[in-house]
Amino acid sequence: RTWLVEIPDDIGLLKNLKSLSVSENDLMELPESIGELTKLENLYLGYNSLSDLPESVGKLVNLQTVNIAKNQLLDLPLEIGNWQKVFKLSLHDNMLSEIPPTIGKMTSLVKLYLDNNELTTIPATLSHLENLEILMVSGNRLGAIPSEFSNLKSLRELVLDANQLATLPESLAECESLKTISVIEN
């Protein structure tokens, strides 16, 4: 089987592209020109070998679903905060050691998958995500959950399995929509 190993710079010429799916290949980087795809609504990059994203992804302001799971991402550009229409973001199974605080600007986010990374903290700005219903952060190295999570009034499911938590903040009791909390193997 042959794998796609690069996306040509000319991809930026496809100005009307709404969906780009290049999952399950061997991409190691994205061209800076990807930021020219400003009408893009769906971006599927899962199961590749990406270690970072170009800052130009911040120009993709019409994105709604983004899947960059199962890559080798070490960090994310601050510009992801511009993805204010994204309602589902899958970043599980990478090597992320931190999430940029600008994630708090992604106010349409409903589902966030951060499991199986290298996270030791979650930014308190995540508490600005008033529409967030599902937060998966299993398989990280979290030692604490921000007390500001009490602001997550829409949160229904919080999965924190396989971290390093000794306690949960009492403020979680203020998350009135919360139906499921899982903290197995902490």
Legend entry - Closest approach of Pro54 to Pro77 (non-hydrogen atoms, all atoms of both residues): O-CG, 4.1 Å
Legend entry - Ser154 and Asn131: side chain donor to acceptor below 3.5 Å: no
Inset, instruction - Determine whether Val137 and Leu178 fall in the same hydrophobic cluster, where Ile, Leu, Val, Met, Phe, Trp and Tyr are linked whenever their side-chain heavy atoms lie under 4.5 Å apart. - result: yes
Legend entry - Atom pair CG/OG1 of Asn151 and Thr125 - distance to nearest 0.5 Å: 11.5 Å
Inset, instruction - State yes or no: do Met136 and Leu91 share one hydrophobic cluster built from I, L, V, M, F, W and Y residues joined by side-chain heavy-atom distances below 4.5 Å, directly or via other members? - result: no
Legend entry - Test item: Ser90 side-chain N/O and Asn67 main-chain N/O as donor-acceptor pair under 3.5 Å: no
Legend entry - Derivation of the side chain to side chain contact (heavy atoms under 4.5 Å, CB included) call for Leu129 and Leu135: CA-CA 11 Å; Leu129 305 178; Leu135 177 58; over 6 Å; no
Legend entry - Heavy atoms from other residues, nucleotides or ligands near NZ of Lys18 exceed 12 (cutoff 6.0 Å): no
Inset, instruction - Group every Ile, Leu, Val, Met, Phe, Trp and Tyr by side-chain heavy-atom contacts under 4.5 Å, then state whether Leu112 and Leu165 land in the same group. - result: yes
Inset, instruction - Kindly compute the distance separating CG (Leu168) from CG (Leu158), expressed to the nearest 0.5 Å. - result: 7.5 Å
Inset, instruction - Please check if any side-chain donor atom of Tyr44 sits under 3.5 Å from a side-chain acceptor atom of Thr65, or the reverse. - result: yes
Inset, instruction - Any chance you could measure Asn62, atom CG, to Asn82, atom CG, to the nearest 0.5 Å? - result: 11.5 Å
Inset, instruction - For Asn94 and Leu50, indicate whether the former's side chain and the latter's backbone hold a donor-acceptor pair under 3.5 Å. - result: no
Legend entry - Minimum heavy-atom distance between Ser171 and Ser150, given as atom pair plus value: O-CB, 3.3 Å
Legend entry - Contacts of type side chain to side chain contact (heavy atoms under 4.5 Å, CB included), residue Tyr47, not counting sequence neighbours: Glu24, Lys70
Inset, instruction - Please answer: with hydrophobic residues joined when any side-chain heavy atoms are less than 4.5 Å apart, are Val57 and Val61 in the same cluster? - result: no
Inset, instruction - Please tell me if the side chains of Pro123 and Ile103 come closer than 4.5 Å, counting only heavy atoms from C-beta onward. - result: yes
Inset, instruction - Mark yes when over 12 heavy atoms from residues, nucleotides or ligands other than Glu29 sit less than 6.0 Å from its CD; otherwise mark no. - result: no
Inset, instruction - Say whether Lys39 and Asn16, considering side chains only, have a donor N or O and an acceptor N or O under 3.5 Å apart. - result: yes
Legend entry - Nearest heavy atoms of Leu78 and Pro101, plus distance in Å: CD2-CD, 4.4 Å
Legend entry - Taking every non-hydrogen atom, the tightest pair across Asn48 and Ser23: ND2-CA, 3.8 Å
Inset, instruction - Report, as yes or no, whether the 6.0 Å neighbourhood of atom CD on Glu55 holds more than 12 heavy atoms from other residues, nucleotides or ligands. - result: no
Inset, instruction - Mark yes when over 12 heavy atoms from residues, nucleotides or ligands other than Glu98 sit less than 6.0 Å from its CD; otherwise mark no. - result: no
Inset, instruction - State whether Glu157 and Lys179 are salt-bridged, where the test is any N-O pair (Lys NZ or Arg NE/NH1/NH2 against Asp/Glu carboxylate O) under 4.0 Å. - result: no
Legend entry - N/O donor-acceptor pair under 3.5 Å between Asn25 side chain and Trp3 backbone: no
Inset, instruction - Say whether, by atom type as modelled, one donor and one acceptor occur between the side chain of Ser108 and the main chain of Phe87 under 3.5 angstrom. - result: no
Inset, instruction - First locate atom CG of Leu142, then atom CG of Asn186, and finally report the distance between them rounded to the nearest 0.5 Å. - result: 8.5 Å
Legend entry - Arg141 and Glu118 ion-paired at < 4.0 Å: yes
Inset, instruction - For the pair Leu119 and Ile99, evaluate side chain to side chain contact (heavy atoms under 4.5 Å, CB included) and give the outcome as yes or no after the intermediate values. - result: CA-CA 8 Å; Leu119 301 174; Ile99 300 298; 3.8 Å; yes
Legend entry - Short side-chain donor-acceptor distance under 3.5 Å, Asp93 and Asn116: yes
Legend entry - Derivation and outcome, side chain to side chain contact (heavy atoms under 4.5 Å, CB included), residues Glu174 and Lys153: CA-CA 8 Å; Glu174 297 173 39; Lys153 301 299 182 196; 4.0 Å; yes
Inset, instruction - Could you tell me whether the side chain of Ile145 reaches within less than 4.5 Å of the side chain of Leu160, counting heavy atoms only? - result: yes
Inset, instruction - Give a yes or no on whether the backbone of Leu114 and the side-chain of Asn140 come within a donor-acceptor separation of less than 3.5 Å. - result: yes
Legend entry - Any side-chain heavy-atom pair of Ile68 and Leu53 under 4.5 Å: yes
Inset, instruction - Evaluate whether atom CD of Glu130 has more than 12 neighbouring non-hydrogen atoms of other residues, nucleotides or ligands under 6.0 angstrom away. - result: no
Inset, instruction - Quick one: closest heavy-atom pair of Pro31 and Ser56, and the distance? - result: O-OG, 4.4 Å
Legend entry - side chain to side chain contact (heavy atoms under 4.5 Å, CB included) evaluation trace for Leu96 with Leu74: CA-CA 5 Å; Leu96 297 168; Leu74 298 169; 5.9 Å; no
Legend entry - Connected via hydrophobic side-chain network under 4.5 Å: Leu76 and Leu126: yes
Legend entry - Short side-chain to backbone donor-acceptor contact, Asp26 and Leu4, under 3.5 Å: no
Legend entry - Distance (rounded to the nearest 0.5 Å) between Ile11 CD1 and Leu40 CG: 9.0 Å
Inset, instruction - For residues Pro169 and Pro146, report the shortest heavy-atom separation together with the two atoms involved. - result: CG-O, 4.1 Å
Inset, instruction - Report yes if the side chains of Ile134 and Lys111 come closer than 4.5 Å at any heavy-atom pair, otherwise no. - result: yes
Legend entry - Rounded distance (nearest 0.5 Å) linking atom CD1 of Ile34 with atom NZ of Lys59: 12.0 Å
Inset, instruction - Would you indicate whether the side-chain heavy atoms of Leu13 and Glu36 approach each other to under 4.5 Å? - result: no
